[in-house]
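Each residue takes its place number in the sequence, starting with 1. Predicted model only: the values in this text are computed from it and were never measured.
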Amino acid sequence: TLGGAENTVTFNRIFMDYKEKNYSIRAGRMYAPVYVFSDMFMDVDVDGIAYSTKIKNTQLKTGYLILKSELTSKTSDENTVFYVEGVHNVNIGENKILFSAATFLEAESKSSTIEGLNIMTLGAEYTNKLRGTIDIAQLKGQYIQSDADTSNKGYTIGVSLGTKTLKNK
């Protein structure tokens, strides 16, 4: 935030992005650098540093994120996450299937006696390129599990229809 109480400017995203042929490094306040099917799993705006490399149709990602506290909207040591993710694309003509696997390790808080959580996600997305008013149709699914307790797991399933251009993720 810049300025005084009357003239305030807020930046939702401001980051540095360095790209080479097969890798990139990003640091600052950015859109979540991990592939998630729904923002129910993670806030889309995060602070941190992210590294990504691509080998043929597989993208490998790792990073350290600082998430906003749900209660105060301020960052703190209670909301830090280290992640590793692999995303693989399989092209079938004009259509594609994307597979994602990731693990998230929440750091232990200095101000709490609660241990950090381990979270694992598995996901798939099928994109079908159509002809007509609707250009693409996507079927998405993701499984999420954490070690918070035995019932801390869930599924996300969705369908997207749209007219945007297909992009590799």
Side-chain angles (χ1 to χ4, degrees), residues 11-15 17 19 23-24 26 28-71 73 75 78-107 116-169:
F11 295 100
N12 289 335
R13 295 185 189 121
I14 186 164
F15 57 89
D17 198 5
K19 293 183 180 181
Y23 72 91
S24 69
R26 180 177 286 185
R29 174 162 293 257
M30 64 190 110
Y31 186 78
V34 294
Y35 188 79
V36 292
F37 297 108
S38 168
D39 62 1
M40 292 185 308
F41 174 66
M42 177 183 290
D43 214 359
V44 293
D45 294 318
V46 296
D47 295 325
I49 185 164
Y51 174 81
S52 175
T53 187
K54 189 168 185 179
I55 304 165
K56 296 188 180 183
N57 290 340
T58 303
Q59 190 172 18
L60 303 173
K61 304 174 184 182
T62 189
Y64 182 78
L65 306 176
I66 304 169
L67 308 177
K68 283 185 178 180
S69 169
E70 294 177 15
L71 302 175
S73 76
T75 57
E78 296 180 28
N79 299 54
T80 57
V81 175
F82 174 75
Y83 71 92
V84 177
E85 179 181 43
V87 178
H88 183 72
N89 283 301
V90 177
N91 294 314
I92 305 167
E94 293 183 333
N95 305 321
K96 71 176 182 178
I97 300 174
L98 179 144
F99 299 99
S100 169
T103 186
F104 301 85
L105 306 172
E106 185 180 52
L117 295 177
N118 295 322
I119 301 168
M120 182 267 307
T121 67
L122 297 172
E125 174 182 291
Y126 175 73
T127 302
N128 190 1
K129 189 169 183 183
L130 304 172
R131 312 227 187 283
T133 306
I134 297 174
D135 294 325
I136 62 168
Q138 292 180 323
L139 177 61
K140 306 175 182 187
Q142 186 173 39
Y143 172 76
I144 302 168
Q145 180 177 345
S146 82
D147 64 359
D149 59 42
T150 57
S151 63
N152 231 7
K153 54 187 160 191
Y155 305 88
T156 302
I157 297 173
V159 175
S160 297
L161 302 173
T163 58
K164 70 179 187 176
T165 304
L166 290 175
K167 293 182 180 180
N168 285 335
K169 297 183 181 189

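Rounded to the nearest 0.5 Å, atoms CG (Leu60) and OH (Tyr51) are 8.5 Å apart. The line from CG of Leu130 to CG of Asp135 is 8.0 Å long, rounded to the nearest 0.5 Å. Taking CE of Met120 as the start and NZ of Lys153 as the end, the distance is 9.5 Å to the nearest 0.5 Å. If you take CG on Asp17 and CZ on Arg26, they are separated by 4.0 Å, rounding to the nearest 0.5 Å. Atom CD of residue Gln142 and atom CD1 of residue Ile157 lie 11.0 Å apart, to the nearest 0.5 angstrom. Note that CD of Glu125 and CZ of Phe99 are 11.0 Å apart. Values are rounded to the nearest 0.5 Å.
With a 4.5 Å cut-off on side-chain heavy atoms, Leu98 and Thr127 do not count as touching. Looking only at side-chain heavy atoms (C-beta outward), Ile144 and Ile119 come within less than 4.5 Å of each other. Under the 4.5 Å side-chain criterion, counting only non-hydrogen atoms from C-beta, Val84 is in contact with Phe82. Using a 4.5 Å heavy-atom cutoff, the side chains of Thr121 and Phe104 are in contact.
Residues meeting the ring-ring contact (aromatic ring centres under 6.0 Å, His included) test with Tyr143, sequence neighbours left out: Tyr155. Listed by chain and residue number, Leu122 satisfy the side chain to side chain contact (heavy atoms under 4.5 Å, CB included) test with Ala101 (two or more places apart in sequence, or in another chain). With sequence neighbours left out, Lys56 forms a side chain to side chain contact (heavy atoms under 4.5 Å, CB included) with no residue at all.
At distances below 3.5 Å, not a single donor-acceptor pair connects side-chain atoms of Asn57 with backbone N or O atoms of His88.
Tyr83 and Ala50 get closest at one heavy-atom pair: OH-CB, 3.3 Å. Taking all atoms of both residues into account, the shortest heavy-atom contact from Asn95 to Lys129 is OD1-N, 2.7 Å. Across every non-hydrogen atom of Ser100 and Val87, the tightest pair is OG-CG2, 4.2 Å.
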